Amino acid sequence: MHRSSRAEDFLPLMTTILSIYSSLNLLRESFLIFNILPSPSILSWKSIIRCYTSHGLFLQSLICFVQMRASGKYPDHHIFPSVLKSCTSLMDLKLGESIHGCVIRLGLDFDLYTCNALMNMYGKLQTIGEVGGMRFCDSQVYDKILEPKLIEEKRSNLSSSDESRSGIMYQDLDGGSHDNSCELLDEFQKRIVGVDPNVELKQRSDEGSRRIDGKVLYHSCGKSNDIGMRKRDKEAFYMENVRKVFDRMPKRDLVSWNTVIAGSAQNGMYEEALMMVKEMGDADLKPDSFTLSSVLPIFAEYVDVSKGKEIHGVDDSLRVFCLLPHRDAISWNSVIAGCVQNGLFDEGLNFFRQMLMAKIKPRHVTFSSIMPACAHLTTLHMGKQLHGYIIRSRFLDNVFIASSLVDMYAKCGNIRIARWIFDKMESPDMVSWTAIIMGYALHGHAHVALSLFRKMEMENVRPNYVAFVAVLTACSHAGLIDEAWKFFNSMIKDYGIAPGLEHYAAVADLLGRAGRLEEAYEFISNMQIEPAGSVWSTLLAACRVHKNIELAEKVAEKIFKLDPENMGSYILLSNIYSAAGRWNDAAKLRVSMKGRGMRKKPACSWIEVKNKVHAFMAGDNSHPYYDRINEALKVLLEQMEREGYVLNTDDVLHDVEEEQKRYILCSHSERLAIAFGIISTPAGTTIRVTKNLRVCVDCHTATKFISKIVGREIVVRDVSRFHHFNDGKCSCGDYW
DNA sequence: GTAGGGTTAG
């Protein structure tokens, strides 16, 4: 008996086995069966094509499709999704469009799965096209053999013309093109399946009818036609294709909606994407985690582009998350990271708590995402709890987590633990180094920060933009002008990093505070980039310190032009006037601020006692311990004055009597918080206070006295740095 | 047939 006829006897069985292998994703087994079928049925072709696609062997899957067409078989709706996915992955829009034409001719353009795959392709290929990528140079070769003439007969039976049905132009296709070169196909199969094609493909090469042009297999790494496609063109293209498919679908499921939403979001059509989330709700479909992962990135875009003015983008993303029936660890992480990265720290922590309550185990990423929230909110208590969890989960060797812990401890005032964790890291990366350097910078230990920076360079860890922000911040907090210049120049010359606003601001700040006001003015005027209000503001602050009203007015004018909403500068200039006794000018400025609807940010300090945060505003008498706090401050003031403390009323910027000034100073928010800390914690406990503005000169002096009188370390984190008060001295050396 | 998460600055 002939081998081929035996195989034919078993054909139905073989086809079934192949189908099972394919559905189990067993490529090698599927291939072995497929290879001995004398004349594969449409079901067998479907199996092998599907298997190739799901293994990422897109070219192979397309080759099979072409071979199938060449053998005269009609593809059915089971085949197109896999084939279209292969086109998408290979970024071959042209071939995909041809296949779309094929779909229409066969009357399969109402099939749910095929339409979903088509929309996915159109949505993706514009996005990918922007970056440029692999593209077939010879996909016309496919075109030629895609459509045997047989199809023409079927086509004439279709009632309406193809073009009007799809709105997409495609070429008329000729009959098959068959030749005998199969070497590249062999090579592929050898590499991919790991078997010798000369054995496996023997039978097939004998037949000689399923050969394709070798040229098809070559593809080029070229830039796609979509490069430079304007946003409006992209949107038009998207509407043309994806929406046309979508709108014509007789039935849409969750995947259809998710696909079209993802396409809109990925092509920058955020409003449309969010609108469609609402529309799918009207169609009684609930968003799932796929929907969420399309909507979440809109988060960042919205906030970046319009600086929080369009927060409803965030709201919508959060709403989608809340609607999810099943949330896995990744959905939780996404939403937590989304919150934290956009400054919604409390919300991030809340989601984290909910995640734990939902019994979802936090993963590596959860901790590195949530830690910055603790760092920014200075919630050392929460940070320590997370640290404990991290140790128990043996996550400490993860460089992301360790770096975020270093940063958290430094920002929460505990630079010693930050250093301890850093020193234990096996191979700190540039971010870890930057975190510890910035930590020392914030704590005023500039020389340690500088020597760590040099050590990092010696260990061949290349600093980036942020690392230079850190080291220049260290210099600026300690008045190290010469060193700052060296780093600034080295950044440009040795590392080719173009200085940004933060770098310029640090240097300008140094020059200004050293009293080199004119030099600072020149420096800012000659910047390579447009100076923002923030850079000029450093000079305005310096003008206040050095009482140069004339320059202050000149600088303020520039700031008001560049950044009319910059309230800090109005207040700074008003304070400069007040300090010079020019109450009228100060008052005028305040009136003008009021007219613009600006209000001064109220000063606020807070302290964590027994795991609870207590907040104080200036002159605040709402705290339940208010009387005791006031009593303590009174006793302290008497003792301070005996030790030589003299009230410095320079910072009292109201036109009031001396006695009133005395009262105003003593009710500053940081003093209330410190006094509360002293009376509510055991002797010797370090007091850690955070303030939302810069600490004032008088409070700084007072705190030095207080630290000596009560024998406590007092750590005050103001808006730009830490002050460690100990035994009558401050770590900043009175330069801040 | 559709996805997705992380550390340093501001």
Side-chain angles (χ1 to χ4, degrees), chain A residues 50 53-54 77-85 88 111-121 123-124 249 252-263 265-266 287-297 304 307 321 324 327-341 343 355 362-373 375-376 395 398-408 410-411 418 422 425 428-439 441-442 456 463-473 500-503 505-506 532 534-535 720:
Chain A
R50 203 199 72 85
T53 303
S54 65
H77 67 280
H78 292 295
I79 294 201
F80 284 114
S82 298
V83 174
L84 288 166
K85 184 178 179 173
T88 308
D111 175 61
L112 177 65
Y113 280 39
T114 305
C115 288
N116 287 348
L118 276 170
M119 293 193 297
N120 181 46
M121 177 185 77
K124 286 278 169 2
M249 289 173 73
R252 307 176 189 110
D253 68 354
L254 190 53
V255 176
S256 324
W257 282 96
N258 283 343
T259 306
V260 76
I261 289 167
Q266 283 159 12
D288 66 355
S289 58
F290 283 82
T291 328
L292 177 72
S293 40
S294 300
V295 179
L296 266 179
D304 276 0
K307 294 198 173 134
F321 177 78
L324 292 188
R327 303 166 193 174
D328 59 13
I330 295 186
S331 328
W332 281 104
N333 289 341
S334 308
V335 80
I336 290 170
C339 286
V340 175
Q341 286 165 11
M355 175 181 182
R363 314 211 311 198
H364 288 93
V365 181
T366 320
F367 290 107
S368 39
S369 305
I370 196 66
M371 201 61 77
H376 284 278
F395 282 168
N398 178 295
V399 70
F400 287 82
I401 293 180
S403 303
S404 72
L405 265 174
V406 167
D407 178 60
M408 186 277 294
K411 288 225 177 77
F422 176 80
M425 290 179 74
D429 67 4
M430 190 262 297
V431 175
S432 327
W433 282 96
T434 305
I436 191 69
I437 290 167
M438 191 49 129
L442 289 177
M456 170 180 73
N464 73 345
Y465 187 100
V466 185
F468 276 102
V469 172
V471 77
L472 287 172
T473 301
L501 290 175
E502 298 93 336
H503 307 113
S534 59
V535 182
S720 72

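In what follows, chains are A, B, ... by sequence order, proteins preceding strands, each numbered from 1. No experiment lies behind these values; they were computed from the predicted model shown. Computation of the quantities below employed the complete heavy-atom set of this structure, encompassing side-chain atoms and omitting hydrogens, waters and symmetry-equivalent molecules.
Applying the 3.5 Å distance criterion, the base of B:dA3 shares a donor-acceptor pair with the side chain of A:S289. Remark: the A:S403 side chain and the B:dT7 base include a donor-acceptor N/O pair separated by less than 3.5 Å. Counting distance only, with no hydrogens placed and no angle test, the side-chain atoms of A:S368 and the base atoms of B:dG6 include a donor-acceptor pair under 3.5 Å.
Atoms CG (A:L292) and P (B:dT2) sit 18 Å apart, rounded to a whole Å. The distance between atom CZ of A:F422 and atom P of B:dT8, rounded to the nearest whole Å, is 15 Å. Here B:dT7 presents its P atom at 12 Å from CE of A:M371, a figure rounded to the nearest Å. We find that CZ of A:R363 is positioned 15 Å from P of B:dG4, with the value rounded to whole Å. Rounded to whole Å, atom C1' of B:dT8 lies 11 Å from atom CE of A:M456. Distance, A:Q266 CD to B:dG4 P: 7 Å, rounded to whole Å. Atom-to-atom, NZ of A:K124 to C1' of B:dA3 comes out at 9 Å; the value is rounded to the nearest Å. For A:F468 and B:dG10, the CZ to P distance is 16 Å, given to the nearest whole Å.
Residue contacts shown for A:V399 include a base, since a base heavy atom lies under 4.0 Å away. A:S331 comes within contact range of at least one nucleobase, with a heavy-atom separation under 4.0 Å. A:D328 comes within contact range of at least one nucleobase, with a heavy-atom separation under 4.0 Å. A:A337 comes within 4.0 angstrom of the backbone, heavy atoms only, and of no base.
Between the side chains of A:T291 and A:N258, at least one donor N or O sits under 3.5 Å from an acceptor N or O.
When distances run from any side-chain atom of A:N398 to the nucleotides B:dA9, B:dG6, B:dT8, the shortest one goes to B:dG6. Of all nucleotides listed (B:dA9, B:dG6, B:dT7), B:dT7 comes nearest to the side chain of A:P372. The side chain of A:N464 lies closest to B:dT8, out of B:dT7, B:dT2, B:dT8. Closest contact between the side chain of A:Y465 and the listed nucleotides B:dT7, B:dA9, B:dG4 involves B:dA9. Side chain of A:S369, nearest nucleotide from B:dT2, B:dG4, B:dG6: B:dG6. Across B:dG4, B:dG6, B:dT8, the shortest atom-to-atom separation from the side chain of A:V365 is found for B:dG6. The side chain of A:A435 has B:dT8 as its nearest neighbour among B:dT8, B:dT2, B:dA9. Each of B:dT7, B:dA9, B:dA3 was ranked by its minimum atom distance to the side chain of A:S293; first place goes to B:dA3.
In this structure, the side chains of A:P287 and A:L292 stay at 4.5 Å or more apart for every pair of heavy atoms. Within the 4.5 Å cutoff, no side-chain heavy atoms of A:F367 are placed close to those of A:F400. Contact check for A:H376 versus A:V340: no side-chain heavy atoms found under the 4.5 Å cut-off.
Under the stacking definition used here (centres under 5.5 Å, planes under 30°), the residue A:F400 fails to qualify as stacked on the base of B:dT7.
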Decide side-chain hydrogen bond (donor to acceptor under 3.5 Å, both in side chains) for A:S404 and A:D407; before the verdict, give the C-alpha distance in whole Å, the side-chain angles of both, and the deciding distance to 0.1 Å. CA-CA 5 Å; A:S404 72; A:D407 178 60; over 6 Å; no
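For B:dT7, neither phosphate oxygen OP1 nor OP2 lies less than 4.0 angstrom from any side-chain nitrogen or oxygen of A:K411. Applying the 4.0 Å criterion to OP1 and OP2 of B:dT7, one finds that A:Q341 has a side-chain N or O inside that range.
Between A:Y113 and A:H78, the ring centre distance reaches or exceeds 6.0 Å.
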